[in-house]
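Just below is one structure, and these are the notes that go with it.
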Amino acid sequence: MASRAAVLALLLSALAAAASAQLDVKFYSRSCPSVEDVVRKEMVRALAAAPSLAGPLLRMHFHDCFVRGCDGSVLLDSTPGNTAEKDAKPNLTLRGFGLIERVKAAVEAACPDTVSCADVLALMARDAVWLSKGPFWAVPLGRRDGRVSISNETDQLPPPSGNFTELTQLFAAKSLDTKDLVVLSAGHTIGTSHCFSFSDRLYNFTGMDNARDTDPTLDPLYMARLRGKCPSLDDNTTLVEMDPGSFKTFDLSYYGHVARRRGLFHSDGALLTDPFTRAYVLRHAGGAYREEFFADFAASMVKMGSVEVLTGTQGEIRKKCSVVN
């Protein structure tokens, strides 16, 4: 006889599947048919002025979906009685909140009280990838906005320091599999990171506190280059390209770097420790299967974008993304 825990897990899985099934690429076809055009117009304007925002917007959607599902909870401000997700340590380096409010305001002007912040963010993430020369995909819509945002719940986010076991467990908790892990990790092909997210690989790696105490899985030449950019463990300001040479272009070069042991984070290097993810990295390292990877990335983004969504009468449609109605 199945245990209560197993039954509960099956029930939660069924509820999640039912919610995601209510998303529809034509959800706003009558209530707000112009929504994608409005979002894209704002995104074209924003990325023309600041192309480096593409990576942060993709990351924002990822961080939203891994905590309470894709419900816009990462966008809520803290209140006197509650510290919100955006003020938790893993989210302190998130960027793009102002742009999201600007796009939401444009959507509100076109279709008041109709389109959720969660849907706006999902569309912005898609357009951020596409405008960076990545794949385009139809975004299922119909998410509702959550009313709760709790900083402590950000422990569900896969950390850049994660090993393969930790990463797969955190992904599995969101009904995402090993292929989703290796595919979505390629989001690191656009954007930058602060030194403190990976500097433990460069200094005092095992606690020996000497110049040679570095992560042996990192390519020595790449490590030397990173140490030149990040002079100490105390560097909290310097930004480093996650995909050196093409950090503003969504392409396959990320896998080439990982294959040469030049992935910036522990989590990137961890992809070489599992036979399946290693094979995927090596297959795409040469860039010969671009369309195949683009299709994989689009599929995994749709899958992630359906995680634990609120639909129907759940949640609300926020007027402003930073505060509940």
Side-chain angles (χ1 to χ4, degrees), residues 51-52 54-55 58-59 62 125-126 128-137 158-168 170-171 176-193 195 197-199 201-202 205 214-230 239-304:
S52 63
L58 177 59
R59 182 179 177 224
F62 185 97
R126 189 272 311 276
V129 170
W130 180 63
L131 292 169
S132 301
K133 301 182 180 180
F136 183 91
W137 62 92
S161 59
N163 59 36
F164 187 77
T165 299
E166 183 179 8
L167 295 171
T168 52
L170 289 168
F171 268 65
L176 299 171
D177 58 27
T178 303
K179 183 174 182 181
D180 297 314
L181 167 61
V182 68
V183 169
L184 293 174
S185 292
H188 293 164
T189 187
I190 52 175
T192 57
S193 173
C195 289
S197 294
F198 59 86
S199 57
R201 306 184 77 188
L202 313 179
F205 182 64
T214 58
D215 184 348
T217 67
L218 195 62
D219 173 72
L221 292 177
Y222 185 50
M223 180 194 65
R225 191 178 308 163
L226 290 175
R227 288 180 70 143
K229 294 177 180 293
C230 306
L239 289 170
V240 173
E241 297 173 8
M242 293 191 291
D243 186 356
S246 65
F247 77 106
K248 295 179 183 178
T249 303
F250 193 98
D251 56 26
L252 286 161
S253 59
Y254 164 80
Y255 290 120
H257 291 304
V258 174
R260 297 195 303 274
R261 297 191 295 129
R262 294 185 174 190
L264 191 60
F265 306 116
H266 289 278
S267 59
D268 296 323
L271 299 177
L272 296 177
T273 65
D274 172 78
F276 175 83
T277 54
R278 179 183 178 87
Y280 193 94
V281 167
L282 296 180
R283 176 173 176 79
H284 291 291
Y289 304 102
R290 177 177 177 270
E291 295 308 315
E292 177 184 295
F293 163 65
F294 275 15
D296 285 346
F297 190 83
S300 287
M301 285 296 292
V302 169
K303 189 175 176 182
M304 184 191 76

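- With hydrogens and angles disregarded, no donor-acceptor distance shorter than 3.5 Å links the side chain of R225 to the backbone of L221.
- Using a 4.5 Å heavy-atom threshold, the side chains of D215 and M223 count as separate.
- For K248, the salt bridge (charged side-chain N to carboxylate O under 4.0 Å, His left out) test picks out no residue, with sequence neighbours left out.
- Here OG1 of T277 is found 4.5 Å from CZ of F164. Values are rounded to the nearest 0.5 Å.
- Counting only heavy atoms from C-beta outward, the side chains of Y255 and V182 approach each other to under 4.5 Å.
- Partners of S253 by side-chain hydrogen bond (donor to acceptor under 3.5 Å, both in side chains), not counting sequence neighbours, listed by chain and number: D243, S246, D251.
- Looking at every heavy atom in both residues, A259 comes nearest to L272 through CA-CD2, 4.5 Å.
- Of all non-hydrogen atoms in L167 and A270, the two that sit nearest each other are CD1-CB, 4.2 Å.
- With sequence neighbours excluded, the residues forming a side-chain hydrogen bond (donor to acceptor under 3.5 Å, both in side chains) with H188 are D268, listed by chain and number.
- Pairing each heavy atom of F293 with each of L252, the nearest pair is CD2-CD2, 3.3 Å.
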Exercise for the section: Start with the C-alpha gap between K179 and D296, add the side-chain angles, then the distance that decides, and say whether side chain to side chain contact (heavy atoms under 4.5 Å, CB included) holds. Expected result: CA-CA 9 Å; K179 183 174 182 181; D296 285 346; 3.2 Å; yes
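- Shortest non-hydrogen contact noted between I190 and F250 is CG2-N, 3.7 Å.
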Practice task
Could you give me the CA-CA distance, side-chain angles and deciding distance for M242 and F265, then say whether side chain to side chain contact (heavy atoms under 4.5 Å, CB included) is met?
Solution key: CA-CA 9 Å; M242 293 191 291; F265 306 116; 3.6 Å; yes
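- Expressed to the nearest 0.5 Å, how far CZ of R201 lies from SG of C230 amounts to 12.0 Å.
- In this view, W137 satisfies the ring-ring contact (aromatic ring centres under 6.0 Å, His included) rule with no residue, not counting sequence neighbours.
- Side-chain atoms of P158 and F62, non-hydrogen and from C-beta on, do get closer than 4.5 Å to each other.
- For the pair E241 and G245, the tightest heavy-atom approach, listed with the atom from each and the gap, is OE1-N, 3.0 Å.
- Of the inter-residue distances, the one linking S267 atom OG with L181 atom CG reads 8.5 Å to the nearest 0.5 angstrom.
- The closest side-chain heavy-atom distance from T178 to Y280 is not below 4.5 Å.
- Residues L226 and L218 form a side-chain contact, since some pair of their non-hydrogen atoms from C-beta on lies under 4.5 Å apart.
- Taking the centre and axis of the six-membered ring of Y289, the NZ or CZ atom of R283 falls inside the cone set by 45° and 6.0 Å.
- Electrostatic pairing of R262 and D219 counts as a salt bridge here, judged by a charged N lying under 4.0 Å from a carboxylate O.
- Note that the CG atom of L282 and the NE2 atom of H284 stand 10.5 Å from one another [nearest 0.5 Å].
- The nearest pair of heavy atoms linking L202 to T214 is O-CG2, 3.2 Å.
- By the side-chain hydrogen bond (donor to acceptor under 3.5 Å, both in side chains) test, E166 pairs with no residue at all, sequence neighbours left out.
- Within the 4.5 Å cutoff, the side chain of L184 has heavy atoms near those of the F297 side chain.
- K303 has its side chain within reach of D177: a pair of non-hydrogen atoms, C-beta onward, lies under 4.5 Å apart.
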Problem - Evaluation steps, side chain to side chain contact (heavy atoms under 4.5 Å, CB included), between H257 and L264 - result: CA-CA 9 Å; H257 291 304; L264 191 60; over 6 Å; no
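- Checked against salt bridge (charged side-chain N to carboxylate O under 4.0 Å, His left out), R227 has no partners two or more places apart in sequence or in another chain.
- Rounding to the nearest 0.5 Å places OG1 of T165 at 11.0 Å from CG of L170.
- The closest side-chain heavy-atom distance from F198 to H266 is not below 4.5 Å.
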